[in-house]
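The structure appears below as structure tokens.
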Protein chains: 2
Amino acid sequence: MNIPERTIERISQYRRLLCDLKKHGRKNVYSHDLAERIGSTATQVRRDLMLLGFSGNSKTGYEISGLSQKISELLDNPGGEKVALFGVGNLGRALMPFFAAHHQDLRIVASFDIDPDKFGRVINGCRCYSSDEMGVIIPRESIKVAILAVPAGSAQSVTDELVNAGIRGILNFVPVSLQVPAGVVVENMDMGMALEKVAFMARQIEKDLNCKKRGRDKT
Amino acid sequence: MNIPERTIERISQYRRLLCDLKKHGRKNVYSHDLAERIGSTATQVRRDLMLLGFSGNSKTGYEISGLSQKISELLDNPGGEKVALFGVGNLGRALMPFFAAHHQDLRIVASFDIDPDKFGRVINGCRCYSSDEMGVIIPRESIKVAILAVPAGSAQSVTDELVNAGIRGILNFVPVSLQVPAGVVVENMDMGMALEKVAFMARQIEKDLNCKKRGRDKT
DNA sequence: CTCTTATCGTGAAATTATTCACAGCCTAAA
DNA sequence: TTTAGGCTGTGAATAATTTCACGATAAGAG
């Protein structure tokens with residue numbers, strides 16, 4: 001049972017949506033309803049849920065709480081997942097309350113920085129350690145997942161230490177392509193790339209519309 | 001000449017890499033070199049550059065400054081692209097210096113919030129306005145691209161106003177699926193999804209390795 | 001009871017993205 | 001001059017992903 005990466009992404013989105021719906025008192029949901037809300041198609045939703053191994057029925061669609069639970073069984077670590085944050089700068093400090101608010105399953109339990117002023121301080125409910133201590137603390141707490149938000153210049157060297165310390169998954173906010181050995185996963189949150197892309201695509205669409213319009217005018 | 005979205009993303013990454021290489025005094029680069037650095041394949045790089053319409057040669061590979069320029073011609077708006085930031089909270093304030101440092105072509109020229117304490121203040125070199133003013137300022141400055149970093153509850157309503165005001169591309173940091181009319185592009189920076197995914201994949205890989213190991217042991 | 005309607009589940013087709021395979025080119029060495 | 005080696009450009013093959021198309025199911029209307 002191997003679920004493609006794209007499907008994993010959508011499943012995470014489905015769960016968020018399902019939580020919202022649950023809060024609004026909804027008990028059931030149709031594939032086309034989910035699809036519309038995440039900008040996909042009903043077929044796609046049904047196929048994803050098929051891969052997940054969850055069945056609905058033709059009259060009421062999918063049962064929300066059962067589906068949420070099934071998704072949690074797939075995505076969540078039993079007992080929660082500890083996360084370490086590297087780089088307690090502007091971005092790092094902004095991320096802490098964000099994840100605290102939206103994800104109780106993913107807990108940032110330690111942060112690391114090279115600024116001695118921060119050592120020992122508790123920032124956003126999370127103790128900040130010296131980067132030198134990661135080799136001790138990460139194995140001790142058996143932390144497997146890290147968020148990287150350090151300056152570009154030190155991203156690779158921190159990554160190397162981090163992998164040594166036992167980290168297996170990195171959410172990378174630094175606009176640098178990290179080199180990691182096999183067995184370690186990197187997910188890039190490339191904000192610069194995303195902004196360039198969205199600007200490009202907005203221009204592109206505008207251009208296409210103009211072309212079509214002009215095309216119509218001529219005809 | 002229609003370039004697929006995936007290729008656009010990689011092209012943006014190539015450019016960043018090329019700038020680094022240029023700073024290090026490199027003049028030329030081979031496809032396999034670029035590929036290694038972004039974790040792709042030489043063939044993929046060559047095909048991307050082919051779509052871009054840039055040629056190298058068999059002895060020296062690709063000429064870095066020429067290629068950078070070609071990429072800029074594709075991705076950049078002549079005269080730069082003005083960007084507006086919505087939501088000057090922790091995240092919003094962290095994003096301003098980030099983009100200022102990494103992207104001179106994409107300039108955040110205005111920010112908006114609903115907190116009256118912030119109106120009129122200049123934060124990170126950027127004036128903060130009341131959200132009520134977006135209908136005036138966005139058309140006046142002909143801003144087409146927006147970064148959305150508001151609380152989840154107001155994301156959709158701000159989006160609606162924003163589209164009304166003439167925004168055509170939105171980089172969305174809010175964990176909510178935005179509904180927009182045709183002709184408007186949304187790019188989701190779904191940090192929660194990304195963290196869930198990286199945690200899942202890290203566990204997955206570990207599991208796979210164990211399976212393989214056990215498989216070997218038995219054989 | 002039968003018909004209509006709305007939905008799910010899924011094999012198969014279509015589409016999109018990536019990789020293979022190799023011709024062609026250039027340079028340096030023999 | 002010839003040969004070998006390393007690289008680019010790209011048609012064709014392959015793989016991944018999405019969409020189509022349709023049978024199955026259930027429930028309400030007539």
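So you know, we letter chains A, B, ... as the sequences are listed, proteins then strands, and number each from 1.
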Check the distance between [N]'s [atom2] and [X]'s [atom1] and give it to me in whole angstrom.
X	N	atom1	atom2	answer
Asn28(A)	dA6(C)	CG	P	18 Å
Leu51(A)	dC8(C)	CG	C1'	15 Å
Asn2(A)	dA15(D)	CG	P	16 Å
Ile3(B)	dT16(C)	CD1	P	16 Å
Ile11(A)	dT17(D)	CD1	P	13 Å
Asp48(B)	dT8(D)	CG	P	13 Å
Tyr62(A)	dA6(C)	OH	P	18 Å

Donor-acceptor check, side chain of [X] to backbone of [Y], threshold 3.5 angstrom: yes or no?
X	Y	value
Arg168(A)	Val185(A)	no
His102(B)	Phe98(B)	yes
Lys82(B)	Glu141(B)	yes
Tyr30(A)	Lys59(A)	yes

Criterion side chain to side chain donor-acceptor pair (under 3.5 Å) on Gln179(A) and Ser177(A), from CA distance to verdict: CA-CA 7 Å; Gln179(A) 309 296 315; Ser177(A) 300; 5.8 Å; no
Proximity to DNA chain D (any heavy atom under 4.0 Å), residues of residues 30-46 of chain A only: Thr41(A), Thr43(A), Gln44(A), Arg46(A)
Within residues 179-187 of chain B, residues whose heavy atoms come under 4.0 Å of DNA chain D: none
Sugar-phosphate only, base, or nothing, as touched by Ser55(A) at under 4.0 Å among non-hydrogen atoms: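 Sugar-phosphate contact only.
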Minimum-distance nucleotide to Arg47(B) side chain [options: dG9(C), dA12(D), dC20(D)]: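 Nucleotide nearest to Arg47(B)'s side chain: dA12(D).
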Closest to side chain of Arg10(A), choosing from dA17(C), dT18(D), dA12(D): dT18(D)
Closest-nucleotide ordering on DNA chain C, the 5'-leading residue of Met50(A) and Thr60(A): Thr60(A)
Reading 5' to 3' through nucleotides 24-30 of chain D, protein heavy-atom contacts under 4.0 Å coded B for base, S for sugar-phosphate only, - for none: -BSS---
Spacing of CG belonging to Leu106(B) relative to CG belonging to Leu75(B), to within rounding of 0.5 Å: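 Spacing of CG (Leu106(B)) from CG (Leu75(B)) equals 9.5 Å.
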Atom pair CG/CG of Leu195(B) and Asp190(B) - distance to nearest 0.5 Å: 10.5 Å
Working for salt bridge (Lys or Arg N to Asp or Glu O under 4.0 Å), residues Arg15(A) and Asp105(A): CA-CA 13 Å; Arg15(A) 173 162 65 174; Asp105(A) 183 65; 5.7 Å; no
Shortest non-hydrogen separation from Leu171(B) to Ala194(A) and the atoms involved: CD1-CB, 3.6 Å
Pair Arg37(A) + Asp20(A): basic N to acidic O under 4.0 Å: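 No, no charged N to carboxylate O under 4.0 Å.
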Geometric class of the Phe54(A)/Tyr62(A) ring pair [parallel <30°, tilted 30-60°, perpendicular >60°]: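 Geometry flag for Phe54(A) against Tyr62(A): tilted rings.
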